[in-house]
Amino acid sequence: MVRDFTQSEVQSLCELLGVSDLSDPDAAVVKSSPLIEDVRRVLKLPVLPHSHLLDEQTWMMGGRVTRWLGGEMSTSVDDGDYDLFSGSFPAMERTLNRMLETGYSITRLQYMNPWPGIPVPRMLRRKPSPVRKPPRNASVPDLPGLLLRTMPDGRDMYCMRLTSPERHVIQFMYIPSLFPDGARPDTLIEQTDLSICQFTLDGAYLRAGPHSWSDFVRHRLRVVHMRSGRRTAGRLFKYAARGFWPDARTVQTVYGRWLSEALKRGGNPARFKA
């Protein structure tokens, strides 16, 4: 569970971010990107694992960063994935080489156990979804372990899965359509569905959406951008279990979108009644 912040910590954050009051969502629009070291000092945070891999075109974002900011990683088992994003193929290749040179290894696709924690014979394990290998052409480097997935909206995502020397799982991704004008982390932030998941580290600075800090301190969920109502609805439940609760507008927006998608697919509206 995410912890509550002390009044002193919130005041120090306000000073660091240049806002008067993080408890007021309308008055706490944050435009600055503080240094990671300053955030660590204010919130008394440890070094985030694998942050040494980050730079101007390799970023870490998502639930792992949120757990780190909320102090959850010091009170729970570190059993989740680390999501790394690259802004270009050269950056992806450069970071991959650094990882392989320092003990990281590429994880091959394996059969998946539908009942974690229970020994299941291999014949009963679920096969992973088929993933294509990227086409061989001059624009796509021949990187070991590189796979090509098609996202629900049809976009291509190049990805690989690695394991660190500490046995952490690293998901490394590059989505070319997000960066038509060059590698900019702001583009990635704008495409994230929930405000508290917009926190992004680039090796020096901690970037976020305009309402990320306010919602994070107040333990609130705010929908920002949706490509799938069903997926975002599931994520609302996931973060509610960790102590983040959606506001009324977010619930109405997300579940309205989910219902609309179900009706378009020919689903039964009765299944979605409260």
S.K.: Test your reading of the model: is there a side-chain donor-acceptor pair from Ser260 to the backbone of Arg257, 3.5 Å cut-off?
M.R.: no
S.K.: Taking Thr192 for its side chain and Leu188 for its backbone only, find out whether a donor-acceptor pair lies under 3.5 Å.
M.R.: yes
S.K.: Considering all heavy atoms of both residues, which atom of Gly203 and which atom of Ile36 are nearest to each other, and what is their separation?
M.R.: C-CD1, 3.8 Å
S.K.: So does Arg235 pair up with Asp193, basic N to acidic O under 4.0 Å?
M.R.: yes
S.K.: Would the distance check show the side chain of Arg40 and the main-chain N or O of Leu45 forming a donor-acceptor pair, the cut-off being under 3.5 Å?
M.R.: yes
S.K.: For Ile189, is there any backbone N or O sitting under 3.5 Å from a side-chain donor or acceptor partner on Gln198?
M.R.: yes
S.K.: Are Met226 and Val254 side-chain neighbours, meaning at least one heavy-atom pair lies under 4.5 Å?
M.R.: yes
S.K.: Is it the case that the side chains of Thr58 and Thr95 hold a donor-acceptor pair, with the cut-off being a distance below 3.5 Å and no angle test?
M.R.: yes
S.K.: Classify the ring geometry of His168 against His50: parallel below 30°, tilted from 30° to 60°, perpendicular beyond 60°.
M.R.: perpendicular
S.K.: Ring-plane angle category for Phe216 and Phe5, please: parallel below 30°, perpendicular beyond 60°, tilted otherwise.
M.R.: tilted
S.K.: Taking only residues two or more places apart in sequence or in another chain, which ones pass ring-ring contact (aromatic ring centres under 6.0 Å, His included) with Tyr255?
M.R.: Trp258
S.K.: Using a 4.5 Å cut-off on heavy atoms from C-beta on, say whether the side chain of Leu146 contacts that of Met92.
M.R.: yes
S.K.: Should the pair Arg149-Asp156 be classified as a salt bridge under the 4.0 Å nitrogen-to-oxygen rule?
M.R.: no
S.K.: Measuring only between side-chain heavy atoms, which start at C-beta, is Val65 closer than 4.5 Å to Leu201?
M.R.: yes
S.K.: Can you find a pair of side-chain heavy atoms, one from Leu96 and one from Leu162, that are under 4.5 Å apart?
M.R.: yes
S.K.: What do the steps show when you test Phe179 against Trp59 for ring-ring contact (aromatic ring centres under 6.0 Å, His included), and what is the final call?
M.R.: CA-CA 14 Å; Phe179 311 105; Trp59 315 296; 5.6 Å; yes
S.K.: Between Glu261 and Arg230, does any NZ, NE, NH1 or NH2 come within less than 4.0 Å of an OD or OE carboxylate oxygen?
M.R.: no
S.K.: Between Asp83 and Gln171, do the side chains contain an N or O donor and an N or O acceptor separated by less than 3.5 Å?
M.R.: no
S.K.: May I have the step-by-step check of ring-ring contact (aromatic ring centres under 6.0 Å, His included) for Trp213 and Phe199, ending in yes or no?
M.R.: CA-CA 9 Å; Trp213 280 108; Phe199 290 106; 4.9 Å; yes
S.K.: Which distance, rounded to the nearest 0.5 Å, do you find between the CG of Leu148 and the OH of Tyr174?
M.R.: 12.5 Å
S.K.: Using a strict cut-off of less than 4.0 Å between a Lys/Arg side-chain nitrogen and an Asp/Glu carboxylate oxygen, indicate whether Asp202 and Arg207 qualify as a salt bridge.
M.R.: yes
S.K.: Hey, does Arg242 have a side-chain heavy atom less than 4.5 Å from the side chain of Thr66?
M.R.: yes
S.K.: Taking only Lys NZ, Arg NE, NH1 and NH2, and the carboxylate oxygens of Asp or Glu, determine whether Asp247 and Arg220 approach each other closer than 4.0 Å.
M.R.: no
